[in-house]
Amino acid sequence: MKKILSFIVLSCAVLSAYGSALVNVYGRQYRLLNGRWDAIVDLYDQGGRMKVYENRQPEGETDFYEYAFDGGLRLEVPGDWNSQNPELKYYEGTVWYGRHFDAEPQQGKREILYFGAVSYRCNVYLNGRFIGSHEGGFTPFEIDVTDDLKRGDNFLVVEVNNRRTKDAIPALAFDWWNYGGITRDVMLVTVPDNYVHDYKVQLDKHKPDLINIEVKMSEPVAGQSVKVEIPGLKKRFEAVTDENGEVQGAMNVKNLKRWAPDAPVLYDVTVTGGDDRVEERIGFRNIEVDGTRILINGEPRFMRCISFHEEIPQRMGRAFSKADATMLLSEARDLGVNMIRLAHYPQNEYTVRMAEEMGILLWQEIPIWQGIDFTDAGTLEKAKGMLTEMISRDRNRCAVGFWGVANETKPGEARDAFLRELLSTGRAIDTTRLYVAAFDLVEFDRDRKVFSMNDPFTENLDVVAVNKYMGWYHPWPLSPEKAVWDVNPDKPLIISEFGGEALYGQSGSEDIVSSWSEDYQARLYRDNIEMFSHIPNLAGVSPWILFDFRSPFRFHPVNQEGWNRKGLVSDRGQRKKAWYLMRDYYKSKRDAEK
């Protein structure tokens with residue numbers, strides 16, 4: 001490609017690139033390209049004009065280049081740049097990443113360059129040539145580099161930009177840190193020329209003994225042999241592909257032990273197509289709605305939930321590793337949860353898979369947060385692409401029970417049309433999960449003396465969720481024991497956010513909001529727990545949030561200092577008084593289900 005295009009000009013290429021990346025990349029032959037990469041901070045976006053991606057070296061006495069990777073800044077990959085260099089703490093703009101790696105192209109093999117996530121948009125160059133781009137900071141993408149690799153030394157460059165824009169998702173303002181960088185694993189995956197690109201091995205939504213199967217080969221050729229085996233069930237499925245290189249079918253199973261929260265069961269699964277063989281661990285469970293109840297394997301379950309951001313507060317940086325996943329999930333498990341809302345974006349695959357092993361249900365969502373431009377067609381296409389990438393990566397993960405399409409959006413014709421398109425996109429890929437969105441529109445009806453919400457769009461959802469900060473952003477209009485709710489009475493309702501801020505160790509009056517005290521936060525939690533008993537269709541609750549998290553939204557110079565302090569656990573890992581109240585509440589809910 002002779003002419004290097006800007007991020008804006010490349011937007012058409014970005015949109016066309018959305019789709020499912022290689023499924024179960026960790027179950028294949030791969031090589032990590034993680035580690036320290038050379039980096040150039042490009043405040044004025046001059047790197048493209050200077051052809052940084054070519055990594056040119058002076059050859060004569062009169063040659064020199066102002067932009068160079070050698071001998072400069074180095075950044076860890078995966079990782080965000082904000083936490084690695086004090087000067088980059090608030091930086092929003094372009095950083096160029098570059099690294100050398102050796103390759104040995106093999107006859108009959110293809111090489112796939114796979115990125116777990118790059119925040120937020122990127123252009124990718126290999127050996128001085130543009131090879132692809134992507135927009136969206138929380139979903140994976142891949143580039144086939146078989147024809148671009150050289151034997152021996154190769155030079156990979158990624159131009160990363162996290163600048164906030166009106167048409168981005170999330171948009172200009174959001175209540176979490178705008179981490180930039182190559183934030184998840186970079187991998188070179190080796191597969192046969194014709195390989196298993198995608199598959200679904202999934203228990204039927206309603207039937208406990210029927211496993212549905214879909215397999216898609218990389219080449220659209222009919223007559224290819226495909227096999228799915230589950231040794232633990234002594235089951236084998238065999239078929240040949242249609243003209244699209246795809247197989248669909250099902251197999252009945254006996255003696256299946258279904259996965260459930262607090263009781264995870266996973267089976268070894270192999271998928272074979274042509275010369276390719278992929279190994280997996282998959283659990284099987286049913287999840288559906290019956291009136292106002294959420295059923296897991298036919299049994300009503302109350303969602304004892306918590307949210308967390310993909311952040312390690314003690315490090316003040318993006319979470320990205322197995323160790324990070326262990327820390328976050330262990331603290332959630334100690335609280336007594338059976339579900340986690342991964343707010344407000346798809347999180348690391350390590351977190352998803354580890355939650356599955358631990359028996360924790362997941363709600364995953366794309367960052368359709370406040371401020372999205374619902375009138376922009378390009379923004380809609382990005383949102384559909386992100387939803388597609390999220391579902392495609394994790395549709396074999398039985399821990400994922402909910403796909404979230406929005407958080408705190410306002411009713412309107414444009415918004416409704418936007419969200420209907422998202423639901424249509426999602427359900428075309430996966431109908432076995434429950435679709436949900438979170439709203440912040442519940443108001444107190446002073447004539448009826450009840451809490452109610454008027455948003456007709458909720459009729460499109462399987463489960464309705466509400467963020468309501470009684471005692472924090474909303475004063476109590478009556479005592480908590482009289483706080484009756486009448487919100488979507490025919491559907492399951494989850495209180496998806498509630499709580500208030502407190503600085504760990506700070507004492508103060510439990511009656512004064514501005515005390516920022518653990519005492520007031522604990523009082524607020526006691527009042528909300530009382531209110532929950534007056535919500536007849538309540539199917540779960542999720543405090544906001546597990547840990548204090550970084551946010552430039554939060555300006556208070558003493559009590560916040562750039563942190564949202566709503567965490568049940570402080571930024572240093574100390575449990576606040578409200579943590580113990582929620583633990584006891586969840587224990588009582590768990591005991592009631594026994």
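Defined by atom type and a distance below 3.5 Å, a donor-acceptor pair is present between the side-chain atoms of Asp204 and Asn212. Side-chain contact check for Asp394 and Gln364: at least one donor-acceptor pair (N or O, by modelled atom type) lies under 3.5 Å. Gln370 and Thr409 form no side-chain donor-acceptor contact under 3.5 Å, judged by distance and modelled atom types alone. When only modelled atom types and interatomic distance are considered, Asp486 and Ser452 share no side-chain donor-acceptor pair under 3.5 Å. Between the side chains of Asp571 and Gln314, not a single donor N or O lies within less than 3.5 Å of an accepting N or O.
The two residues Leu380 and Phe418 make their nearest non-hydrogen contact at CA-CE1, 3.4 Å. Of all the heavy atoms in Ser307 and Ser542, the pair that sits closest is OG-OG, 3.5 Å. Across all non-hydrogen atoms, the minimal contact from Ile368 to Ala383 is CD1-CB, 3.8 Å. The two residues Thr431 and Lys205 make their nearest non-hydrogen contact at O-CD, 3.4 Å. Across all their heavy atoms, Pro346 and Pro367 have their closest contact at CD-CD, 4.4 Å. Across every non-hydrogen atom of Arg301 and Pro261, the tightest pair is NH2-O, 3.4 Å.
Taking the six-membered ring for Trp and the full ring otherwise, His309 and Trp544 have centroids separated by under 6.0 Å. Taking the six-membered ring where the residue is Trp, the centroids of Phe174 and Trp369 are separated by 6.0 Å or more. Ring centers of Trp176 and Tyr345: under 6.0 Å apart, within the cut-off.
Proximity of a side-chain donor or acceptor of Asp376 to a complementary backbone N or O of Thr379 within less than 3.5 Å is detected. Side chain of Asn460 to main chain of Arg420: no donor-acceptor pair is present (N/O by atom type, distance under 3.5 Å, no hydrogens or angles). The main-chain N or O of Val487 is found under 3.5 Å from a side-chain atom of Asn537 such that the two form a donor-acceptor pair. Judged by distance alone, with hydrogens and angles left aside, the side-chain atoms of Asn396 form a donor-acceptor pair with the main-chain N or O of Tyr199 at under 3.5 Å. In this structure a side-chain-to-backbone donor-acceptor pair under 3.5 Å is missing from Lys384 to Glu421. At least one donor-acceptor pair under 3.5 Å links the side chain of Asn178 to the backbone N or O of Asn162.
Between Trp472 and Trp516, the ring-plane angle classifies as perpendicular under the 30° and 60° cut-offs.
With a 4.5 Å cut-off on side-chain heavy atoms, Leu256 and Leu233 count as touching. Inter-residue side-chain proximity for Asn286 and Pro208 is flagged as met; some heavy-atom pair is nearer than 4.5 Å. Here the side chains of Asn564 and Asp548 are not in contact, with every heavy-atom distance at 4.5 Å or above. Here the side chains of Val337 and Arg333 are not in contact, with every heavy-atom distance at 4.5 Å or above. A 4.5 Å side-chain heavy-atom check between Thr388 and Ile429 finds at least one atom pair inside the cut-off. Two residues are said to be in side-chain contact when any heavy atoms from C-beta on lie closer than 4.5 Å; Asn467 and Glu408 meet this criterion. Within the 4.5 Å cutoff, side-chain heavy atoms of Ile312 are placed close to those of Leu328. When side chains are defined from C-beta on, Arg258 does not count as touching Val265, because their heavy atoms never get closer than 4.5 Å.
Enclosure of atom CD in Glu459 by more than 12 non-hydrogen atoms of other residues, nucleotides or ligands within 6.0 angstrom is indicated. Other residues, nucleotides and ligands place more than 12 heavy atoms under 6.0 Å from the CG atom of Asp490. Remark: Lys207 NZ is loosely packed, at most 12 non-hydrogen atoms of other residues, nucleotides or ligands lying under 6.0 Å away. Within a 6.0 Å radius of CD in Glu481, other residues, nucleotides and ligands contribute more than 12 heavy atoms.
Here the options are Glu357, Glu349, Glu356, the test is salt bridge (charged side-chain N to carboxylate O under 4.0 Å, His left out), and the partner is Arg353; only Glu349 passes. Paired with Pro477 under the rule side-chain contact (heavy atoms from CB on, under 4.5 Å), one option of Lys482, Glu443, Met470, Lys449 passes, and it is Met470. Only one option out of Glu501, Arg565, Gln506 pairs with Asn559 in a side-chain hydrogen bond (donor to acceptor under 3.5 Å, both in side chains); it is Gln506. For the ring-ring contact (aromatic ring centres under 6.0 Å, His included) criterion with Phe498, the lone passing option out of Tyr525, Tyr469, Tyr473 is Tyr525.
Residues passing the side-chain contact (heavy atoms from CB on, under 4.5 Å) test with Ser119 are Thr183, sequence neighbours excluded. By the ring-ring contact (aromatic ring centres under 6.0 Å, His included) test, Phe402 pairs with no residue at all, sequence neighbours left out.
A cation-pi arrangement is not found for Arg554 relative to Trp563, the charged atom failing to lie both closer than 6.0 Å to the ring centre and inside a 45° cone about the ring normal. For the pair Lys576 and Tyr504, the NZ or CZ position fails the cation-pi test of under 6.0 Å to the six-membered ring centre and within 45 degrees of the ring normal. Geometrically, Arg341 engages Trp363 in a cation-pi contact defined by less than 6.0 Å to the ring centre and at most 45° from the axis. Cation-pi contact between Arg281 and Tyr267: absent, since separation from the ring centre below 6.0 Å together with deviation from the ring axis within 45° is not met.
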Show your reasoning for whether side chain to side chain donor-acceptor pair (under 3.5 Å) applies to Glu310 and Tyr179. CA-CA 10 Å; Glu310 191 177 55; Tyr179 290 111; over 6 Å; no

Give the intermediate values and the outcome of ring-ring contact (aromatic ring centres under 6.0 Å, His included) for residues Tyr350 and Tyr26. CA-CA 10 Å; Tyr350 290 125; Tyr26 293 101; 5.2 Å; yes

Quick one: do Glu365 and His344 satisfy side chain to side chain donor-acceptor pair (under 3.5 Å)? Show the steps, please. CA-CA 6 Å; Glu365 61 191 34; His344 284 294; 2.6 Å; yes

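Applying the ring pair (Phe, Tyr, Trp, His ring centres under 6.0 Å) definition to pairs two or more places apart or across chains, none involves residues 574-594.
Distance check, rounded to the nearest 0.5 Å: CD1 of Ile494 to CG of Leu434 gives 8.5 Å. The line from CE of Met354 to CG of Leu329 is 6.5 Å long, rounded to the nearest 0.5 Å.
For Arg523 and Asp519, the salt-bridge test fails: no basic side-chain N is under 4.0 Å from an acidic carboxylate O.
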